[in-house]
Amino acid sequence: MRFSKMFIPTLREIPADAEAVSHKLMLRAGYVRQFAAGLYIYLPLGMRVVEKINKILREEMNAIGAQEITMPVLHPAEVWQQTGRWNTIGEEMFRLKDRTGRDMCLGMTHEEIMTWLASREIRSYRDLPQTWYQIQTKLRDEARPKSGVLRTREFTMKDSYSFDADEKGLDKNYQLHAGAYHRIFKRCGLKFYQVESDPGMMGGATAHEFMAPSPAGEDQVALCDNCGYSANVELAVSVSAGIKSEDWAFEEIHTPEKRTVQEVSSFLKLSPEYFIKSILVISEAGPVLALVRGDQELHEKKLVRIIGNHRPAQKTEVKDILGVEAGFIGPMNQKIRIIADATLKHGRYVSGANRLHYHAKGIKPEKDFTAEWNDIHIAKAGDKCSKCGSALRVEQCIEIGNIFKLGTKYSVPLRAFYLDENGQERPVIMGSYGIGPARIAAAAIEQNNDKDGIIWPESIAPFDVELLPLNMKDEKTVEAAERLYKELAEKGVEVLLDDRDERAGVKFKDADLIGIPTQLIIGEKNLKDGIVEIKDRRTKETVKVKIKEAVERTASANSQYK
RNA sequence: CGGGGCGUAGCGCAGUCUGGUUUAGCGCACCUGCCUUGGGAGCAGGGGGUCGGUGGUUCGAAUCCACUCGCCCCGACCA
């Protein structure tokens with residue numbers, strides 16, 4: 001491809017609206033343009049990257065026996081009503097009516113439609129297993145689109161769905177997908193982790209996410225380098241550092257106007273681990289007191305799994321229900337349900353005395369109060385791994401893929417049943433598996449860039465080599481460039497020839513920005529000795545080689561990625 | 001949805017607080033010519049704006065007021 005013929009609008013200045021590195025570089029290097037909040041246009045370079053990623057996705061999905069199909073993005077409400085998600089999903093779903101007034105929505109995922117298809121077509125255990133996938137547009141009315149291409153309202157997703165006769169089959173398909181995902185992300189040149197994740201609104205029991213470490217990510221992952229435990233902090237289990245059990249007798253201490261753990265902690269010159277943080281929430285079944293240690297944070301989602309949906313109590317509610325102002329509440333003598341973090345089971349603590357301007361010291365769990373013990377704190381760096389006791393790390397990550405065991409959550413309501421060997425009717429056992437190609441591209445940039453621009457992994461770069469004839473007015477240079485261009489193309493190397501009549505500096509800057517892994521530089525002086533330079537975008541190292549050799553070297557260097 | 005910021009030429013910005021000699025400006029980009037060709041050159045000339053929109057205040061509004069739309073960031077939310 002010739003640069004002069006390709007639409008590559010590079011920007012010298014950093015767009016004011018971009019924050020994430022990948023966002024800035026995709027805009028500057030001419031890969032994408034923003035159309036509206038969360039809506040992006042993929043320009044020719046961006047398109048090529050996405051196609052490279054999709055090709056890898058198809059190869060690996062086909063390799064595990066998945067079959068590609070396509071599905072509509074416009075869905076009648078009925079299927080969504082049958083699974084209940086028409087009502088549970090809320091504003092994130094784009095809804096509309098057709099001309100007859102029929103409720104419709106735009107597909108944010110395709111469990112319902114895939115299951116609908118399975119329900120009509122799968123009759124017998126002989127039809128199973130099946131795995132269907134598509135690379136398709138999804139639409140979600142995101143509350144907050146952000147970070148360029150990382151969270152958008154419209155995006156393509158590779159989503160696959162497995163249909164099995166039993167749990168064993170599902171396990172197998174789940175593992176096949178996990179394996180394929182490992183190969184996909186590895187081939188795309190990403191650093192990533194497979195972590196335990198919250199099944200969330202997908203339902204089902206088991207779920208994993210694939211996470212690419214990057215500060216631009218929205219998720220935090222707890223990792224144990226010793227035993228390999230890894231989980232999204234949304235469900236990561238950790239053991240908070242133990243404390244020395246003090247032999248305090250129970251006493252009430254005057255703590256005027258000291259309300260927060262921090263205030264009382266510095267007032268009593270006692271570190272926060274010796275405090276119990278009492279948080280009143282209102283659940284659907286009434287008020288609940290949640291207790292965590294003073295140095296811990298309450299994990300809302302963990303609490304939701306125990307008491308269901310809830311909200312924090314208002315200040316007035318605290319006083320009405322517990323009889324004392326927020327800031328002085330403690331777990332003793334409470335009539336309401338108490339959920340306490342298991343960390344608090346041992347030791348003696350300080351907490352509110354349920355008396356204005358007083359705290360209680362020497363509170364002994366199970367003696368001064370009882371509670372339901374659970375893990376309700378947020379895992380943080382430095383906590384101990386619950387499996388092996390080593391210190392956990394917490395890393396910021398981009399979610400690039402996920403796999404869910406759905407079970408019968410969709411097959412039962414949509415009546416996707418089959419007859420087993422004994423003529424018994426059984427629901428199909430399902431799994432669903434997603435990957436976002438745009439996120440792979442963005443994560444690749446986040447993980448591979450320098451001050452000059454993008455450094456693409458070879459496998460997903462828009463081109464293999466960029467040819468840089470420095471002076472287009474020099475006939476010999478042009479001649480050499482054209483010859484190299486032709487010979488490389490004949491060997492199957494994808495080449496971008498910067499044939500623009502620009503100064504050398506401009507070509508170098510653009511080449512570095514665009515990030516094609518190898519640059520072939522054709523300068524007037526070297527050419528007189530029959531020499532060109534091969535430059536590695538990542539290391540910036542150049543080697544001078546004979547022209548003839550240049551073709552061989554770049555061609556063979558790239559062959560491994562074909 | 002709550003909090004914050006921003007909206008002036010294709011891009012990046014100044015001007016807004018304190019309304020009026022600014023005919024609305026600067027850098028980059030763009031067009032023409034000359035010159036130059038190994039890290040976003042130089043010189044000369046040139047084109048491009050209903051100052052996000054609507055309404056109001058005023059003799060006079062990019063500038064003040066009200067409403068509204070859009071975009072970004074933090075949070076909530078997030079199959």
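Every chain is numbered from 1 and lettered A, B, ... according to where its sequence line falls, protein lines coming before strand lines.
Taking A:Phe210 as the reference, A:Tyr181, A:His182, A:Phe185 meet the ring pair (Phe, Tyr, Trp, His ring centres under 6.0 Å) condition, with sequence neighbours excluded. A:Asp452 meets the side-chain hydrogen bond (donor to acceptor under 3.5 Å, both in side chains) test with A:Lys540; sequence neighbours excluded.
Mapping A:Glu533 and A:Ala143 onto RNA chain B by nearest heavy atom places A:Glu533 closer to the 5' end of the strand. Each of A:Ile435 and A:Glu502 lies near RNA chain B, and the nucleotide nearest A:Glu502 is the one positioned closer to the 5' end.
Counting only heavy atoms from C-beta on, A:Arg144 has its side chain closest to B:C73 among B:U37, B:C78, B:C73. Taking only side-chain atoms of A:Asp512, from C-beta outward, the nucleotide of B:G39, B:A41, B:G38 with the closest atom is B:G39. For A:Lys146, the side-chain atoms get nearest to B:C73 when compared with the rest of B:G40, B:C73, B:G38. Side-chain proximity of A:Gln34 to the nucleotides B:C72, B:G39, B:U37 is greatest for B:C72. Closest to the side chain of A:Arg503, out of B:C72, B:U37, B:G38, is B:U37. Among the nucleotides B:G38, B:U37, B:G39, the one closest to any side-chain atom of A:Ala504 is B:G38. When each of B:C74, B:C78, B:G40 is scored by its nearest atom to the side-chain atoms of A:Lys509, the top-ranked nucleotide is B:G40. Nearest to the side chain of A:Lys301, among B:C78, B:U37, B:C73, sits B:C78.
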Please list, for nucleotides 9-13 of chain B, all pairs of protein and nucleotide N/O atoms separated by less than 3.5 Å.
| unit_1 | atom_1 | unit_2 | atom_2 | d |
| --- | --- | --- | --- | --- |
| B:C11 | O2 | A:Glu13 | OE2 | 3.2 |
| B:G12 | OP1 | A:Ala16 | N | 3.0 |
| B:G12 | O2' | A:Glu13 | OE1 | 3.4 |

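Checking B:G42 for Watson-Crick or G-U wobble geometry (two distances, each under 3.5 Å) identifies B:C34 as its partner.
Residue contacts shown for A:Arg311 are absent, as no nucleic acid heavy atom lies under 4.0 Å away.
Rounded to an integer number of Å, the gap from NZ of A:Lys507 to P of B:G38 is 12 Å.
Spacing between B:C59 and B:G2 at atom C1', rounded to whole Å, works out to 43 Å. Straight-line distance between the C1' atoms of B:A62 and B:U22: roughly 12 Å, to the nearest whole Å. The separation of B:C13 from B:G7, taken at their P atoms, amounts to 9 Å, rounded to a whole angstrom.
Interatomic distance, A:Ile122 CD1 to A:Ser411 OG, rounded to the nearest 0.5 Å: 10.0 Å.
The pair A:Lys525-A:Asp474 fails the salt-bridge criterion, with no side-chain N (NZ, NE, NH1 or NH2) lying under 4.0 Å from an Asp/Glu carboxylate O. Between A:Arg553 and A:Glu549, at least one side-chain N (NZ, or NE/NH1/NH2) sits under 4.0 Å from a carboxylate O, which counts as a salt bridge.
Between A:His208 and A:Tyr174, the angle of the ring planes lies from 30° to 60°, which puts this pair in the tilted group.
Heavy atoms of other residues, nucleotides or ligands lying less than 6.0 angstrom from CZ of A:Arg500 number more than 12.
Side-chain atoms of A:Asn526 come within donor-acceptor range of the base of B:G38, with a qualifying N/O pair under 3.5 Å.
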